[in-house]
Amino acid sequence: MPELPEVEVLVRHLGPLLKGKTIRAVEVRRPGILEPTSPERFRRSLRHATFTEVSRRGKYLLFHLRSEARTRKKRSFVLLGHLGMTGRMYLSPHKAELPKHTPLIIDLGNERFVFEDTRYFGRLTLDTSALEQLGPEPLHEEFTVELLTKLLARSVQPIKVKLLDQSLIAGVGNIYASEALFRSGIWPGTPARALTPVQVKKLWRSIRRVLTEAIKSGSTVPLNFSGEGKRDGLLYFGRNADTPKSYEERLRVYDRQGKPCVSCGDPVSRIVQAARSTFYCMHCQAEP
DNA sequence: CACCATGTTCCTTG
DNA sequence: CCAAGGAACATGGT
């Protein structure tokens with residue numbers, strides 16, 4: 001469930017549940033997801049540590065912990081999480097059956113923290129160096145039109161590909177990149193530096209709007225993070241009974257190839273850029 | 001068997 | 001050094 005909004009909603013959900021909980025034991029079933037941290041070091045650091053806070057940076061989850069070792073002095077550290085393509089994290093009763101692909105389980109006493117990840121692309125590690133390369137948070141005040149203009153000024157890369165660059169803007173992924181460009185009426189193949197000032201401003205607004213709206217739809221709805229059901233917690237596939245809008249209504253172009261554009265009725269196109277699908281409307285996002 | 005999938009990193013080539 | 005493209009990672013759905 002990976003882009004910025006999904007991670008943000010998950011962080012808001014997990015924060016209150018984990019705060020103050022102490023780790024009793026750690027079971028590593030797939031050491032690869034800890035890399036480059038060794039399972040030994042991982043277990044040693046986490047055992048007896050207490051969660052103090054959960055926050056987010058781009059698509060990363062930051063679990064803030066404090067080790068309470070009596071013998072040694074207290075020390076704060078961060079456990080960095082990433083959901084990859086298929087990762088999920090939730091609390092679950094001990095008696096609940098674990099899913100087939102569960103790389104890591106943390107025993108919290110009364111319940112356990114489960115990291116489920118079918119494709120094992122996700123991470124839970126003590127190495128936080130990945131954060132250093134991230135660009136600005138698109139929803140923070142520091143992300144201004146002027147900053148976006150500067151970031152796009154020299155590049156000839158297609159704007160859609162640029163939006164996926166985490167060192168440019170942190171948290172935008174393949175779905176919301178297509179969505180933001182559709183809302184801005186910009187052709188995905190436009191070289192970044194060829195965008196007009198008006199287009200940059202529209203794009204800036206659209207990025208913030210699609211992310212904010214996605215967070216809102218996830219936050220106002222009682223999402224089910226219990227771990228039952230395949231797609232629970234995925235905002236774009238959300239289908240809770242109380243969901244105000246179905247995912248078809250929430251996403252305007254993504255995965256809608258051949259279906260009528262919600263704006264003009266022309267069929268939505270699919271192209272491949274940097275080996276990823278891009279969805280757009282040839283009429284509403286015309287090539288200049 | 002084919003192709004596709006919300007992500008990131010590494011390698012090659014220019 | 002940079003940009004661009006592709007493969008790799010691993011598993012499942014259609």
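Sequence lines set the chain letters: A, B, ... in the order given, protein chains first and strands last, and positions in each chain run from 1.
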Euclidean distance, atom [atom1] of residue [X] to atom [atom2] of [N] [Å, nearest integer]:
X: A/L4; N: B/dT8; atom1: CG; atom2: P; result: 11 Å
X: A/L164; N: C/dA3; atom1: CG; atom2: P; result: 16 Å
X: A/D117; N: B/dT8; atom1: CG; atom2: P; result: 13 Å
X: A/Q273; N: C/dG6; atom1: CD; atom2: P; result: 13 Å
X: A/E6; N: B/dG7; atom1: CD; atom2: P; result: 9 Å
X: A/Y120; N: B/dG7; atom1: OH; atom2: C1'; result: 17 Å
X: A/Q166; N: B/dG7; atom1: CD; atom2: P; result: 8 Å
X: A/E35; N: C/dA8; atom1: CD; atom2: P; result: 18 Å

Classify [X] by what it touches in the nucleic acid, base, sugar-phosphate, or nothing, heavy-atom distance under 4.0 Å.
X: A/K162; answer: nothing
X: A/V156; answer: sugar-phosphate
X: A/R30; answer: sugar-phosphate

Q: Name the orientation class of the two ring planes belonging to A/F113 and A/F51 (parallel below 30°, tilted from 30 to 60°, perpendicular beyond 60°).
A: tilted
Could you list, one pair per line, each protein nitrogen or oxygen that sits under 3.5 Å from a nitrogen or oxygen of nucleotides 3-5 of chain B, together with the distance?
unit_1 : atom_1 : unit_2 : atom_2 : d
B/dA5  : OP1    : A/S277 : OG     : 2.2
B/dA5  : N3     : A/R119 : NH1    : 3.1

Do [X] and [Y] have side-chain heavy atoms sitting under 4.5 Å apart?
X: A/V268; Y: A/Y254; value: no
X: A/M282; Y: A/D266; value: no
X: A/R193; Y: A/V156; value: yes
X: A/E146; Y: A/K150; value: no
X: A/F279; Y: A/Q257; value: yes

(Q) Reading 5' to 3' and counting Watson-Crick or G-U wobble pairs with both distances under 3.5 Å, write the dot-bracket notation for DNA chain C, | for bases paired outside the strand. (A) .||||||||.||||
(Q) Taking the cut-offs as 6.0 angstrom to the six-membered ring centre and 45 degrees off its axis, would you call A/R30 and A/Y120 a cation-pi pair? (A) yes
Q) Near DNA chain C, under 4.0 Å by heavy atom, which residues of residues 121-136 of chain A? A) A/F121
**Q.** Presence of A/K100 side-chain N/O under 4.0 Å of C/dG12 phosphate oxygens OP1/OP2
**A.** yes
Q: Look at A/H82 and B/dG7 and indicate whether a side-chain polar atom (N or O) is within less than 4.0 Å of OP1 or OP2.
A: no
Q) Does the distance from a Lys or Arg side-chain N to an Asp or Glu carboxylate O, for A/E137 and A/R57, drop under 4.0 Å? A) yes
When the [atom1] atoms of [N] and [M] are considered, how many whole Å apart are they?
N: C/dG6; M: B/dC3; atom1: P; answer: 15 Å
N: C/dA7; M: B/dA2; atom1: P; answer: 15 Å
N: C/dA10; M: B/dC11; atom1: P; answer: 16 Å

Q: With A/E213 as reference, evaluate A/R183, A/R208, A/R250 under the salt bridge (charged side-chain N to carboxylate O under 4.0 Å, His left out) test and give the passing residue.
A: A/R183
**Q.** Side-chain H-bond candidate by donor/acceptor type, A/E287 with A/Y280, under 3.5 Å
**A.** no
(Q) Would you say A/R270 and A/S277 are linked by a side-chain donor-acceptor pair, where the criterion is simply a distance under 3.5 Å? (A) yes
**Q.** Heavy-atom pair of closest approach, residues A/A194 and A/T190
**A.** CB-CG2, 4.2 Å
